[in-house]
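In what follows, chains are A, B, ... by sequence order, proteins preceding strands, each numbered from 1. These numbers were taken from a predicted model, which means no experiment stands behind them.
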Amino acid sequence: MSSAGDYVVVDRLAKTFNPGTRQQVEALATTSFSVKAGEFVSLLGPSGCGKSTLLMMIAGLDAPSQGTINVAGRAMTSPRAETGVMFQDPTLLPWKTAIANVLFPFEAMGRPVRPAADRAGALLDQVGLGGFHHHKPRQLSGGMRQRVAICRTLVFEPDLLLMDEPFSALDAITRDEMNLVLMKMWEEHHRTALFVTHSIREAVYLADRVLVMSRRPGRIIEDIRIPFARPRGLEIGETVEFNEICGHLRGKIQHTPH
Amino acid sequence: MNERLRPLLLPTAFGAGLLLLWQALVVVFGYPKVILPAPSDVLLALADNFAVIWRQTVPTVRDTLAGFALAAIFGVGLAALLSFSRLLRDAIYPLIVVIQLVPKIAWTPLFIVWVGIGWPSRLTIAAFIGFFPIFIAMMAGLESTDRSLVRLCRGLIATPWRTFWLVRLPASTPYLFAGLKIAITLAVVGVIVAEFISSSEGLGFLILQSAALLRTDIILAAITVLCIAGLACYGLVHAGELAVRKWHGE
């Protein structure tokens with residue numbers, strides 16, 4: 001089922017928490033799919049369907065119960081340095097400035113920080129934080145913090161971006177804004193990306209392809225291409241085609257058996 | 001009253017009032033100076049014996065600070081070590097919590113038997129008493145580190161050492177300073193008790209010696225100096241905390 005050009009190959013992956021105990025939870029049913037290099041894929045599903053678990057396993061931060069994950073031709077057993085992960089929370093270090101937070105991956109990896117300082121500054125400028133390089137996280141709004149987190153994920157030029165509902169804590173207006181920022185950054189840097197969300201519109205707006213997951217235990221019940229050309233503006237959300245796709249996906253999510 | 005001066009003025013005024021009342025009671029009822037010297041007598045004793053008291057303050061403060069420093073090194077060191085190994089943590093941490101429940105002062109005579117009657121025993125006792133609050137606070141700080149930050153480090157394939165240095169340690173400094181502040185006051189207690197039991201120098205020794213001579217005025221003068229010295233030590237830790245917080249940009 002995998003073919004040339006597949007960058008992420010998820011093969012018969014399943015996850016059960018606390019197996020053999022009374023708290024046993026089957027989070028993810030046997031799931032297989034693949035993502036091509038340079039493709040932006042949204043993983044869409046209701047809360048608690050195991051989509052975040054799936055993403056964390058691809059990040060190497062959680063171990064599968066069954067099945068294998070291949071990234072760039074190598075089996076995933078532990079986190080890899082070339083993957084950038086964005087979490088639901090910005091997870092910034094509260095005692096570091098915005099730019100120091102963006103540079104944190106270099107410190108954590110033990111790579112020289114100084115040569116990257118210019119790029120970190122440029123990234124912050126690109127997401128509209130030009131005047132906030134030396135602000136601490138608590139001096140920034142929720143949206144600004146997530147922008148810093150985007151820069152931190154991109155600064156070390158990972159080849160794979162894994163994003164776990166990064167904007168779900170933000171209000172609708174800020175969320176639209178963040179989607180625009182993310183699109184702009186992705187179009188410039190063009191990495192393979194997996195984006196987990198429970199927002200249908202967000203999934204469709206961002207992705208080349210949307211995978212829909214069922215309720216727990218999650219499995220993939222739909223896999224569709226999103227045809228809109230890039231760069232995309234927020235106005236594509238007003239088109240009939242966009243809303244038809246959203247309606248189709250909504251139907252899929254609502255009519256899956258529990 | 002000025003809102004900014006209030007927290008300073010109010011207790012100062014109240015304390016001064018108490019001292020005046022004390023002075024008045026002693027003068028009016030004519031208590032013997034041996035039992036209850038007036039504040040003015042204490043001040044006089046302090047002025048007259050300043051050289052002696054100062055000479056005894058130096059070893060007390062020195063042993064306190066040295067013992068506190070040892071306590072900090074061992075407390076932070078052991079907590080850091082245990083944060084790296086689940087096995088060591090589960091084996092050692094509960095034991096220390098239990099030992100912690102025993103009154104530490106009770107060990108003092110034992111330390112004197114083991115290390116001798118000089119400054120090494122005073123230092124050991126101060127370090128021993130100060131160790132527990134620092135260790136326990138540091139453990140609490142390290143264990144309360146935001147899990148998502150630790151996961152971020154794991155995703156960035158940071159070594160355990162880098163995770164400790166870059167995230168766990170800075171995240172636990174508020175806890176650490178709470179522990180250090182308790183430890184510095186306890187270190188003074190430890191040194192004074194050790195000086196009571198066996199010593200030929202220090203403010204504890206001076207207090208005990210003055211009690212034998214029924215010089216209550218000198219005892220109170222020594223206690224006054226001890227208060228000031230203790231406050232200064234505490235202030236040192238507090239200044240350290242402010243410096244770290246400033247560095248963290250709060």
Considering residues, nucleotides and ligands other than [X], do more than 12 of their heavy atoms fall under 6.0 Å from its [atom1]?
X        : atom1 : result
B:His238 : NE2   : no
B:Phe196 : CZ    : yes
A:Trp186 : CH2   : yes

Problem set entry | Smallest separation among heavy atoms of B:Arg162 and A:Glu107, with atom names | CD-O, 3.2 Å
Interface moiety of [X] toward chain B, non-hydrogen atoms closer than 4.5 Å:
X       : result
A:Leu92 : backbone
A:Arg80 : backbone
A:Ala81 : both

Problem set entry | Working for side chain to side chain contact (heavy atoms under 4.5 Å, CB included), residues A:Phe104 and B:Val167 | CA-CA 10 Å; A:Phe104 179 69; B:Val167 173; 3.8 Å; yes
Exercise. Can you find a pair of side-chain heavy atoms, one from B:Arg151 and one from A:Val85, that are under 4.5 Å apart?
Worked result: no
Problem set entry | Top contributor to chain A contacts, counting heavy-atom pairs under 4.5 Å, from B:Leu156, B:Thr159, B:Ile157 | B:Leu156
Problem set entry | Option in B:Pro170, B:Gly155, B:Ala158, B:Ser148 with maximal non-hydrogen atom pairs under 4.5 Å from chain A | B:Pro170
Between [atom1] on residue [X] and [atom2] on residue [Y], distance to nearest 0.5 Å:
X        : Y        : atom1 : atom2 : answer
A:Asn101 : B:Leu152 : CG    : CG    : 9.0 Å
A:Leu61  : B:Arg154 : CG    : CZ    : 5.0 Å
A:Thr91  : B:Asp146 : OG1   : CG    : 8.0 Å

